[in-house]
Amino acid sequence: MQNPLFAAVLSEMATLLDLENENVFRVRAYQRAAQIIEVLPKDIEAMSKEDLMSIEGIGKGIADKAYEFVKTGRVKEHLDLRKKFPEGLLSLLKVPGLGPRRARLLYDNLAIDSPEKLRLAAAQGRLNQLRGFGKKIEEKIVKGLTLSEETSKRILLWEARSLMQGMLEVVRGMPGVVQAEPAGSLRRGKETVGDLDILCAASRPETVSKKFSAMPFVKQVLAVGPTKVSVLLANNAQCDLRVVDPACFGAALLYFTGSKEHNVALRERAQGLGLTLSEYGLFRLSDRKQAKPLAGKTEEDVYKRLGLQFIPPELRENRGEIAASAEKRLPDLVEEKDIKGCFHNHTLESDGVDSLEDMVKAARSKGWEWYAVGDHSQSLKIAKGLEPSRLKKKLAKLSEAAKKNKDIRVLSASEVDILNDGRLDYEDDLLKRLDIVVGSVHSGFHQPEEQITKRILSAMENPHVDCIAHLSGRLLGKREPYKFNIDKIIERAARTGTALEINGQPERQDLNDVHARAVKDGGAPLAANTDAHSRDQLGFMSLAVTVARRAWVEKKDLLNTKTWPELQEWLKSR
DNA sequence: GCCGTTTTCGGCCCGACTGTTTTCAGTCG
């Protein structure tokens, strides 16, 4: 899969062209193309130039470069551009407050091409000899240097949601606040969140923004105006609060939720209709003073006036949702209330912390109809994986639990390692006795793509294997995914009817949204699992469902929306 | 660089905040 690499090349070209002071629209075209390629479900290697050019935003220029990249592994113009600037200049652009114009000034006049040189020059007071660099800018950049080191880490969605909960309570309790909602990538359910965005409607905006910037949890105020505040929280997470009039809350929520690309596409659509859209509402272009909004109180109103179905926030990434909405063919996204059970959970027999009885009790209180409990297999020693003798004992315990719990069907399961050579960690006659077998890769992460792919493919060929867990093996912010061929795996999963898991652990969220959508489009079954290691972690189902929604997944696409009789039928058919 | 029931040339989303500026450029989302 060359797509991520080529996307990175395009993105860097955009930055370099920007440094060259190229036409901003040319720069934007490269940025846009990079974003498109990054989430393209099809491998560019397998696409013709015509295929590529049929995608909106990709023309002859980019298609030619894609062809060059696939063929030679590089793009000549990219290398030529790189020669013009030293490597460190690109890292300067990551400093908050430093964009291409100022970075170029620093480089041309003071030969500054790294954060270290910048810090030194600032300390020597050499910055303010430059035109446009006053004392304040200098201060801002020095602060930004430290800040970029501290805040470069994105927060996991799970953590961000719980932080947001607290902030919302505070904002909603402020005098004059009518309404407050989370916005930004958190509302869209992205796997990680760069900052926390809150939108609120209030009668007197300036008192809210003032009050907010003085809250005890605010460590530093980055910017404060009458309607917009940016602060750093105690944990170095950035939080933006925007205060608007209740009459335009919908337009503002739309704008503040993003994504940026979705908003741009919406505004372009508005223009085509002779309208203009901003956070203040939808207006006629002829209404210069924006005196009479056509829509703005709710998001639904704005979409409707643009001739669109309401688009759920999880889909707002400009990945075809606007066209689908215009043609009234948006998916009916799965919801957490549709979930009837879960395939992949652990108990204290291996590396969980709660007993089988407690896990079942927790599953029942979620209203599930069935629940599969499985621990790790013998090879995973670090997690106290079960040898065959212990597994057999556990099977007896499970059938006892199944007898005791009439209102929830307790199923026997195991998370079985796919060994380095592709064999499974238990013999077939033992696997046969389990209701659900979940196959996982927990070792050999550094094997070449072909070998890991082969292991997973051969596991799927085993008729006892029902589901493959956390396909990529990634841990967000800690471990990169190993290399595997997603197309081959999806094809095999569709043929063998093996489900691919959407794992709800906050660090995994694996499959990711792009892969999960490709699985759906490829006709293979999906299962949303908590991979819970404690009672509380059954809550991770909400994360798995969020990923599924971002992947355009409907109720019918997820195995664990099946009722117990439906699931029985599926198990029998395997 | 991309795109076209106004156009193959001339457009290309929209606004807030900041700082250094006497009217606006740069950055950010």
Side-chain angles (χ1 to χ4, degrees), chain A residues 10 13-14 17-19 21-34 36 52-66 75 77 92-106 127-128 130-141 143-144 147-148 183-185 188 193-197 199 205-206 209 213 221-231 238-244 248 251-252 254-283 285 290 306 318:
Chain A
L10 291 177
M13 284 184 78
L17 289 167
D18 210 358
L19 276 171
N21 229 339
E22 249 291 350
N23 179 326
V24 289
F25 298 106
R26 192 169 171 228
V27 172
R28 202 174 293 166
Y30 274 92
Q31 284 166 346
R32 200 169 162 209
I36 292 167
L52 279 165
M53 285 172 67
S54 69
I55 301 169
E56 197 182 323
I58 308 229
K60 187 168 184 312
I62 305 280
D64 280 342
K65 288 185 178 68
V75 175
E77 199 184 328
L92 275 189
L93 293 174
K94 298 201 179 97
V95 177
L98 261 189
R101 301 286 94 79
R102 286 180 192 143
R104 191 62 198 274
L105 261 176
L106 290 171
L127 296 189
N128 51 20
L130 294 178
R131 190 182 154 72
F133 277 77
K135 207 166 180 63
K136 286 273 181 71
I137 292 260
E138 188 179 309
E139 265 172 38
K140 193 176 171 180
I141 287 174
K143 265 188 191 164
L147 207 63
S148 68
S185 48
R188 300 200 310 280
V193 170
D195 51 18
L196 301 171
D197 296 312
L199 177 72
E206 61 283 0
S209 63
S213 59
V221 179
L222 299 172
V224 54
T227 67
K228 195 179 158 183
V229 193
S230 285
V231 301
Q238 186 174 327
C239 179
D240 295 340
L241 175 75
R242 185 77 183 261
V243 196
V244 299
C248 62
L254 193 57
Y255 154 79
F256 216 27
T257 297
S259 68
K260 191 173 191 291
E261 293 74 28
H262 178 84
N263 287 345
V264 169
L266 276 187
R267 285 168 179 178
E268 281 168 0
R269 183 179 175 88
Q271 280 223 321
L273 298 168
L275 309 172
T276 175
L277 176 65
S278 75
E279 58 262 53
Y280 296 107
L282 185 65
F283 302 91
L285 277 170
Q290 307 203 335
L306 290 171
N318 199 26

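So that the names make sense, note that chain A is the first sequence line, chain B the second, and so on, each numbered from 1. The figures here come from the full heavy-atom set of this structure, side chains too, leaving out hydrogens, waters and symmetry mates. Since this is a predicted model, take the numbers as computed values, not measurements.
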Stepwise side chain to side chain contact (heavy atoms under 4.5 Å, CB included) test for A/D195 and A/D240: CA-CA 7 Å; A/D195 51 18; A/D240 295 340; 3.6 Å; yes
**Asked** For A/T227 and B/dC17, is the shortest distance between a side-chain N/O and OP1 or OP2 below 4.0 Å?
**Response** yes
In B/S/- notation (B base, S sugar-phosphate only, - none; protein heavy atoms under 4.0 Å), nucleotides 6-12 of chain B written 5' to 3' is ------B
Checking B/dC17, B/dC13, B/dG1 against the side chain of A/K65 (C-beta onward), the nearest is B/dG1
Report which part of the nucleic acid A/I62 touches: base, sugar-phosphate, or nothing (heavy-atom distance under 4.0 Å, all strands). sugar-phosphate
| Backbone of A/R188 reached by a side-chain donor or acceptor of A/S185 within 3.5 Å | no
Practice task
Looking at every strand, decide which applies to A/V224 at a 4.0 Å heavy-atom threshold: base, sugar-phosphate, or nothing.
Solution key: sugar-phosphate
Whichever of A/E56 and A/V229 has the more 5' nearest nucleotide on DNA chain B, that residue is A/E56
- Item | Same-atom distance (P) from B/dG26 to B/dT21, integer angstrom | 13 Å
Protein heavy-atom contacts under 4.0 Å, written 5' to 3' over nucleotides 24-29 of chain B as B (base), S (sugar-phosphate only) or - (none), form the string --SSSB
Any strand, both distances under 3.5 Å, Watson-Crick or G-U wobble: B/dG11 pairs with B/dC2
List the steps, then state whether side chain to side chain contact (heavy atoms under 4.5 Å, CB included) holds for A/Q31 with A/V27.
CA-CA 6 Å; A/Q31 284 166 346; A/V27 172; 4.0 Å; yes
Rounded to whole Å, the CG-P distance (A/L254 to B/dG15) equals 14 Å
The answer to which of A/K136 and A/G225 contacts DNA chain B further toward the 5' end, by nearest nucleotide, is A/G225
Phosphate contact (B/dA16 OP1 or OP2) by A/Y280 side-chain N/O below 4.0 Å: yes
Practice prompt. Go through the steps to decide whether A/L275 and A/L277 satisfy the test side chain to side chain contact (heavy atoms under 4.5 Å, CB included), and finish with yes or no.
Written response: CA-CA 7 Å; A/L275 309 172; A/L277 176 65; over 6 Å; no
**Between B/dG4 and B/dG15 - C1' atom distance, rounded Å** = 28 Å
*asked:* Applying a 4.0 Å non-hydrogen cut-off, can you work out what A/S230 is touching in the nucleic acid: base, sugar-phosphate, or nothing?
replied: nothing
CD1 of A/I141 to CZ of A/R102, rounded to nearest 0.5 Å, is 6.5 Å
Rounding to 0.5 Å, atoms CG (A/L254) and CG (A/L266) come to a distance of 5.5 Å
Rounding to 0.5 Å, atoms CG (A/L93) and CG (A/D18) come to a distance of 8.0 Å
Pick the P atom in B/dG11 and in B/dT22, then give their distance to the nearest Å. 30 Å
Between CD1 of A/I137 and P of B/dC17 the distance, given in whole Å, is 17 Å
Sorted by chain and residue number, the side-chain hydrogen bond (donor to acceptor under 3.5 Å, both in side chains) partners of A/E279 (sequence neighbours excluded) come out as A/R242
Using the P atom as the point on both nucleotides, what is the distance between B/dC14 and B/dT20, in whole Å?
30 Å
Of all heavy-atom pairs linking A/R26 and A/L17, the shortest is NH1-CD2, 3.7 Å
Check every strand shown and say whether A/Q290 touches a base, only sugar-phosphate, or nothing at a heavy-atom separation below 4.0 Å. sugar-phosphate
Between CG of A/L275 and C1' of B/dC13 the distance, given in whole Å, is 13 Å
| request: Determine the Euclidean distance between corresponding C1' atoms of B/dT8 and B/dC3; express it in Å to zero decimal places. | output: 10 Å
- Query: Is the number of heavy atoms from other residues, nucleotides or ligands under 6.0 Å of A/E206 CD greater than 12?
  - Reply: yes
Quiz prompt | Span that lies between the P atom of B/dG1 and that of B/dT6, in whole angstrom | solution = 27 Å
Under 4.0 Å, counting only non-hydrogen atoms across every strand here, what does A/I55 touch: a base, just sugar-phosphate, or nothing?
sugar-phosphate
